[in-house]
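To start, the structure under review is shown below, and the notes come after it.
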Amino acid sequence: MLISEFHQKLAAIRQKVNAQQEITEEERKLWLCALLLEKSTQQERQYQTKSA
Amino acid sequence: MKILLILPHNPGDVLMGLQVAKLLHYYPAVSIDFIVGEESQELVQGFSGIQHVWVLPRKEIKKNAAENNFDNAINITTRFVDQLANQHYDLSANLFQETYGGVLQSLIHAEVKIGLEWEDGALQVKSRWMEHLFAIPVNRSQNPWHVVDIFHLAIKQALNLKIQHSLQNALHFFRPIDYFVALPQKPPFELPALYTVLHIGAAWPGKRWPLSHWAELTYLFLQDQQNLVFTGTQEELNLFDELVQLVQPMKGFSFQRIVKAIGKTSWKESAYILKNAQRVITGDTAVMHLAAAFTTPCFCLFGSSNPVETGPYGEGHFILQNNIEIPENLPWEKPSPDLAAISPQVLADLILKRRIPKNIFYWESKWNKENFTLELYDAQEKRHPFQIPNTSFQKIMQNQFVKLSHASLSSVGLANRLEQAKPQSHSERSHFDLAQALLRQLEIAIAKPLPEVLALLEDLEKKWAEATYQECIWEAYRIALNGMPMKNLLDYLKSRQQRFLQAFDEALLLF
């Protein structure tokens, strides 16, 4: 899979996530993979601990 | 009972997770698995109370992605998840607060799940205790519990575990050391028979005591003929060199009583050094949590972090703090003026002359043997202010949650309680009027979920939150709302009403 295809799949998943739609197990695995690739920061943790 | 703990985070947090694992071993027939990141793997594998350690292969996933091999990156993730999915747990407790922990939790099979989880199209925080954990930043002074205690209480509530006699007895001679038997490993250099550990670095600037202070403390200890062992990572070697430059010109300085262990030890070797030390002097660091795990007395310097939440876990540790009011965003990125305000002379006098510090906050950690939670006391045996105001809050969380899970709340029941309460003062009456207006608005919103009705409801909720000044309760309520699926508006509003009544009841009992 090329990086463009990975991002394309991820964009489709994020669209569903933002629309509060359920996503399949396979999609959740890809999403997890993408989240693990992101840089973990203190800011991200603070965002998580505060409600939007 | 098979429990999974999820905490693929930094070593300090993982060590707190291991304290929870240790506490859980006082309940009968508990078997614990732990999901950890590569950076903390060595610590968890050295803890004999864990059945299986699942190491999240993040480095391998990142390496493959960096080489544009996304198929492999996904395959590695899938393989890890599939291995986990073959397990069946009675409880999966996600103690981690980042999004990926919630996605991972959604892929695990367990009877009961607590903590962040992606479900029904939303990230939900399962467990009222875990909601409280997420709500703490909104007002740190309204949280009386250590994070380890919140984890423990959340798990206990989820599994409906009762306090065991063995736990009650265990706290009198609390020995987490028994669970770390596999961890310590003698380093390949000599250590004095008696020594103090000085851990001069910290991951964040806001947790680092100024180097000039460490230099002065070093000098004061050497003058008292104390042996010193300096610990830290390879990246912190330069800190030691700078410290030596500051101490060397001082009269009578010699290296004779100094052991430089910085940059020379693994976690296992650090554990050996900390376990055998007379005491450890440190900021809010992973080394502090590791020393506390071995019940070695810690003398901790706290600046922009909160010892009530994340201090050394266990009895007999000491904390110095210039200011207890911690900003909600924990500004660890910049040096803390409050840390700099703690004088080396005061610390040296405390340790070497047992002189209690004045004009600065000084705490000693002790067990509350009734509630099985950790508390901080000053030299006059007064509790930390965050832990004083509402012992009732503790009771509400512990008793009320049980009640809430068994009895259904109703707005009618709450309205009756409001009437029975007979408000006395004008301010009480206005609060009660506001509460009744809110209850009416909730009923209207369910009957007519129109935007203007919902806007008025939110406005009233905000006013009530401000009036009761229970920010953690209201933040937890908003966190719960964020996780509620909105696909069906009526279902959403009914769930919202139930959760609102719970928050309302909690705040009312404290009012």
Side-chain angles (χ1 to χ4, degrees), chain A, chain B residues 8-10 37 56-58 61-62 64-66 68-78 80-82 85 96-104 106-107 116 118-123 125 133-138 204 328-330 332-333 475-483 485-487:
Chain A
M1 187 188 297
L2 295 170
I3 186 165
S4 55
E5 196 185 340
F6 180 78
H7 283 296
Q8 211 173 3
K9 283 189 174 181
L10 185 62
I13 294 167
R14 285 201 194 279
Q15 211 169 8
K16 285 188 186 178
V17 166
N18 291 337
Q20 288 206 329
Q21 288 173 11
E22 194 46 276
I23 49 176
T24 66
E25 228 176 83
E26 289 312 305
E27 287 171 323
R28 270 179 282 158
K29 286 173 189 169
L30 194 139
W31 187 23
L32 175 63
C33 178
L35 288 167
L36 288 169
L37 293 173
E38 283 177 8
K39 198 180 170 207
S40 171
T41 63
Q42 174 72 1
Q43 283 74 20
E44 185 186 351
R45 202 144 57 94
Q46 279 170 13
Y47 172 72
Q48 267 306 318
T49 54
K50 287 187 75 178
S51 62
Chain B
H9 206 215
N10 62 47
L56 194 61
R58 199 172 181 183
I61 293 166
K62 280 188 171 178
N64 277 280
N68 275 332
N69 202 337
F70 284 89
D71 282 320
N72 259 3
I74 295 166
N75 284 341
I76 295 162
T77 312
T78 303
F80 177 76
V81 169
D82 288 349
F96 191 43
Q97 299 192 10
E98 290 190 23
T99 309
Y100 74 79
V103 180
L104 183 57
S106 79
L107 294 156
L116 204 64
W118 176 264
E119 197 187 12
D120 290 336
L123 271 172
V125 182
L133 180 79
F134 278 76
I136 291 172
V138 78
W204 298 89
E328 65 171 77
N329 60 348
L330 299 176
W332 299 340
E333 290 85 356
E475 181 68 2
Y477 165 67
R478 284 188 283 269
I479 287 167
L481 287 195
N482 284 349
M486 291 181 74
K487 278 174 280 188

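Only heavy atoms go into these numbers, but all of them, side chains included; no hydrogens, no water, no symmetry mates. Predicted model only: the values in this text are computed from it and were never measured. Convention: sequence-line order gives letters A, B, ...; per-chain numbering from 1.
With a 4.5 Å cut-off on non-hydrogen atoms, A:Gln21 touches chain B through its backbone but not through its side chain. There is no contact between B:Leu481 and chain A, counting heavy-atom distances below 4.5 Å. Using a 4.5 Å cut-off between heavy atoms, B:Asn72 makes no contact with chain A at all.
The most heavy-atom pairs under 4.5 Å with chain A, out of B:Val103, B:Leu104, B:Asp82, B:Ile61, come from B:Val103. Here B:Leu107 is the residue among B:Asn68, B:Val81, B:Leu107 with the most heavy-atom pairs under 4.5 Å with chain A. Top candidate by heavy-atom pairs under 4.5 Å with chain A, chosen from B:Ala476, B:Ala65, B:Ser106, B:Ala73, is B:Ser106.
Listed here is the closest heavy atom pair of B:Ala122 and B:Asn482: CB-O, 4.3 Å.
In this structure, SG in A:Cys33 is found 12.5 Å from CZ in B:Phe80, a value given to the nearest 0.5 Å.
Ring planes of B:Phe96 and B:His9: tilted class, angle from 30 to 60°.
In this view, B:Thr78 satisfies the side-chain hydrogen bond (donor to acceptor under 3.5 Å, both in side chains) rule with no residue, not counting sequence neighbours. Taking A:Thr24 as the reference, A:Glu26, A:Glu27 meet the side chain to side chain contact (heavy atoms under 4.5 Å, CB included) condition, with sequence neighbours excluded. With sequence neighbours excluded, the residues forming a side chain to side chain contact (heavy atoms under 4.5 Å, CB included) with B:Asp71 are A:Met1, B:Asn69, listed by chain and number.
Heavy-atom neighbours of chain B within the stretch residues 10-19 of chain A, taken at a separation under 4.5 angstrom, comprise A:Val17.
Across A:Leu32, A:Leu35, A:Leu30, a single residue satisfies side chain to side chain contact (heavy atoms under 4.5 Å, CB included) together with B:Thr77, and that is A:Leu32.
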Give the C-alpha distance, both sets of side-chain angles, the deciding distance and a yes or no for side chain to side chain contact (heavy atoms under 4.5 Å, CB included) between B:Trp118 and A:Glu22. CA-CA 9 Å; B:Trp118 176 264; A:Glu22 194 46 276; 3.3 Å; yes

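Contact of the B:Gln97 side chain with the B:Leu116 side chain is not registered, since no non-hydrogen atoms from C-beta on lie closer than 4.5 Å.
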